[in-house]
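Chain identifiers are assigned alphabetically (A, B, ...) following the order of the sequence lines, protein sequences preceding nucleic acid strands; residue numbering begins at 1 within each chain. This is a predicted model, so every value here is computed, not measured.
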Amino acid sequence: MAYEHAIAGYRKLYAKLLRFYPQSYRERFGEGMEQTFNDLCREQEKAERGLFSFALWMFFETSAGVFRENVRFTTMPLTKIIRVLLVATGLLIVPLTASFFVDGWNWGVGGYAFAWVMFASAGLGFTFVSSMGNTIAYKVAVGFACATGFVLVWINAAAGIIGDGPVNLMYLGVIAVGFVGAVVARFQSSGMALALFATAVTQMLVPVIALMMWKAGWQGLLIDPNSPHPPFHPGIAPVFGLNAVFAMLWVGSAWLFLRAARKATS
Amino acid sequence: MGETFLLDIYPQRIQSQRMANNKARAPLTPAVLHILLALSVKERHGYGIMKQVQADSQGKVTMGPGTLYGSLGRMIKAGLIRESDKKRDPEMDDERRVYYKITSLGQYALAAELERYREVVAVAKRNTLSPNTHAYGI
């Protein structure tokens with residue numbers, strides 16, 4: 001009786017472990033793997049052998065398989081990576097050309113390096129995540145989210161959204177929520193939609209927290225001491241308005257992911 | 001440009017279907033060889049393959065579900081085996097299971113691999129080498 005109870009427990013745990021396989025792999029082999037694990041458990045039972053070391057080995061062996069298959073499913077072909085990096089390099093021609101014709105446009109090496117990293121990360125992020133979905137809605141949603149994240153970081157790096165103090169670092173938290181949410185959702189449409197709704201909420205929380213800091217008198221966090229601007233520059237309404245635009249873009253992307261999820265289930 | 005496949009059922013990664021066809025005589029990994037051997041007699045389900053591999057190798061080769069199903073997936077992609085319909089195993093429980101069967105390409109790859117082994121054994125015999133001989137002067 002105790003043996004059966006232990007087997008049932010291990011089977012439950014094993015089924016949970018299988019969830020970490022890529023979806024298409026799980027759909028194809030998950031049931032067979034569970035059956036095989038069950039057959040092996042019964043074999044142990046018949047031979048009256050211990051279950052713990054057997055289960056430990058099975059979990060270790062299958063975890064290695066989970067890792068292997070996830071790497072296989074998510075590895076981007078080298079040609080795609082090179083293409084994205086070349087495009088990122090090509091895009092640098094725009095600021096380089098502008099520096100010859102626009103007065104006051106004088107980026108240093110750091111500026112070009114930052115721009116290249118931004119273009120490359122956005123491009124690689126889009127290429128990697130969009131390859132996880134088959135529908136146009138999914139790919140457009142990924143594009144939307146990547147573009148929103150790109151513009152958010154770019155504006156922050158260039159000028160800051162709320163004044164020019166360290167409070168703007170909170171926007172990295174917005175990106176982090178989206179990134180961690182996407183990983184936890186394993187890039188599945190419905191989970192991605194939830195992650196982006198959470199990102200939109202986080203986006204709107206940033207000015208609320210900043211406003212509370214201002215009211216609490218934490219000026220040092222809101223504005224640089226040498227800044228010519230007042231705290232909460234350019235004003236409560238514009239700051240909330242700009243954040244609302246970003247939040248709407250995140251929600252738009254989430255909505256597209258929801259559409260992709262509905263399409264996948266219909 | 002043709003469609004690109006990543007077929008790592010061979011020790012050397014083969015990048016396209018065309019290369020896979022050309023290299024059908026290339027050496028197979030031990031796991032793939034044993035699975036093909038197990039399926040060469042009759043179609044089997046996952047657990048059946050596992051037990052047959054164990055029996056064929058006198059217990060020297062044991063595969064867990066992670067290795068087995070990973071190999072099956074890659075072999076299906078390479079066209080060496082295919083899934084047949086779900087059915088019950090009369091010797092086991094009432095659960096319906098997916099069976100796997102070898103394809104003609106799989107039979108060809110297996111025959112080529114066994115031929116390679118025969119050639120290796122023939123060379124060893126010709127050189128009067130036995131497994132316990134200190135070969136290559138080591």
Given side-chain contact (heavy atoms from CB on, under 4.5 Å), test A:Asp39 with B:Arg97 step by step and report yes or no.
-> CA-CA 12 Å; A:Asp39 294 334; B:Arg97 291 153 194 274; 2.6 Å; yes

Intermediate values then yes/no, side-chain contact (heavy atoms from CB on, under 4.5 Å), A:Phe29 and B:Ile76 | CA-CA 12 Å; A:Phe29 299 117; B:Ile76 291 169; 4.0 Å; yes

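In this structure, the side chain of B:Tyr69 does not engage the main chain of A:Gly30 through any donor-acceptor pair within 3.5 Å. With A:Gln35 contributing its side chain and B:Arg96 its backbone, the two residues share a donor-acceptor pair below 3.5 Å.
Within the 4.5 angstrom heavy-atom criterion, only side-chain atoms of A:Tyr14, from C-beta onward, approach chain B. For A:Phe60, no part sits under 4.5 Å from any heavy atom of chain B, backbone or side chain. With a 4.5 angstrom heavy-atom cutoff, A:Met58 touches chain B only via side-chain atoms.
Remark: B:Tyr100 pairs with no residue by the side-chain hydrogen bond (donor to acceptor under 3.5 Å, both in side chains) rule, at least two apart or across chains. Remark: A:Thr89 engages A:Trp116 in a side-chain hydrogen bond (donor to acceptor under 3.5 Å, both in side chains) (not counting sequence neighbours).
Summarising the geometry, atom CZ belonging to B:Arg74 is positioned 5.5 Å from atom CZ belonging to A:Arg68; distances are rounded to the nearest 0.5 Å.
The 12-atom threshold is not exceeded at CZ of A:Arg259, counting heavy atoms of other residues, nucleotides or ligands nearer than 6.0 Å. Other residues, nucleotides and ligands contribute at most 12 non-hydrogen atoms within 6.0 Å of the CD1 atom of A:Ile136. In this structure, A:Arg26 places its CZ atom where more than 12 heavy-atom neighbours from other residues, nucleotides or ligands lie under 6.0 Å away. Heavy atoms from other residues, nucleotides or ligands lying under 6.0 Å from CZ of A:Phe54 number more than 12. The environment of A:Phe67 atom CZ is sparse: at most 12 non-hydrogen atoms of other residues, nucleotides or ligands sit within 6.0 angstrom.
Listed options A:Leu40, A:Val66, A:Leu18 were ranked by heavy-atom pairs under 4.5 angstrom with chain B; first place goes to A:Leu40.
Taking 4.5 Å as the heavy-atom cut-off, the residues of residues 42-49 of chain B that approach chain A are B:Gly46, B:Tyr47, ordered by number. Of all residues in residues 52-61 of chain B, none places a non-hydrogen atom less than 4.5 angstrom from a non-hydrogen atom of chain A.
Taking every heavy atom of both residues into account, A:Thr62 and B:Gly66 meet most closely at OG1-N, 4.1 Å.
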